[in-house]
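The next block holds one structure in the form of structure tokens; read it before the comments.
Numbers here are sequence positions counted from 1. In this text the structure is predicted, and so the values were computed from the model without any measurement.
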Amino acid sequence: ENAAKNEVRIVSMNVNTVEGKMSLEAMAPSYTLVARQIAALVADDGFTDIQLTKAGVETSNQIKFVLAIKFDPSKLIKKK
């Protein structure tokens, strides 16, 4: 959540907390903002692997992209 940039809109997210994996589909106004989003995730030590699996320009001129992310559940999931 803290790693999400204001200009990037999350379209869908699938999270598997047992395996520590997530798939994130999002939209951004430019490839620069896609790169900044990835950099923000890389800077967070809770994420262990980030792969850009798909990116392309939509008819709205927005960049639609998909990230495959591995994370350390102990660092990202708050226990009560």
| field | Heavy-atom closest contact (Y31 atom, A55 atom, distance) | value | CE2-CB, 4.1 Å

| field | Full working for side-chain contact (heavy atoms from CB on, under 4.5 Å) between L41 and L67 | value | CA-CA 10 Å; L41 293 168; L67 299 176; 3.7 Å; yes

| request: Would you check if M27 and I63 make a side-chain contact, meaning some heavy-atom pair closer than 4.5 Å? | output: no

| task | Report yes if the side chains of Q62 and S30 come closer than 4.5 Å at any heavy-atom pair, otherwise no. | result | no

| query | Shortest non-hydrogen contact from P73 to G20? | reply | CG-CA, 4.0 Å

| Pair E25-K64, side-chain contact (heavy atoms from CB on, under 4.5 Å): steps then yes or no | CA-CA 7 Å; E25 182 179 334; K64 184 176 187 178; 2.5 Å; yes

| message | To the closest 0.5 Å, what do you measure between CD1 (I69) and CE (M22)? | response | 5.0 Å

| task | Ignoring hydrogens and angles, tell me if any N or O in the side chain of S23 forms a donor-acceptor pair with the backbone of N14 under 3.5 Å. | result | no

| Is the closest side-chain heavy-atom distance between D44 and F71 below 4.5 Å? | no

| field | Audit row: V66, L24, side-chain contact (heavy atoms from CB on, under 4.5 Å) steps and yes/no | value | CA-CA 6 Å; V66 178; L24 178 77; over 6 Å; no

| query | What are the two closest heavy atoms between D49 and Q51, and how far apart are they? | reply | OD2-NE2, 3.3 Å

| task | Considering non-hydrogen atoms only, spot the tightest contact between V57 and N61 and give its length. | result | CG1-CA, 4.0 Å

| request: Quick one: pull up CD in Q37 and CD1 in I50 and give me the separation to the nearest 0.5 Å. | output: 9.0 Å

| note | Test side-chain contact (heavy atoms from CB on, under 4.5 Å), reference F65, set T53, V11, V8, output is V8

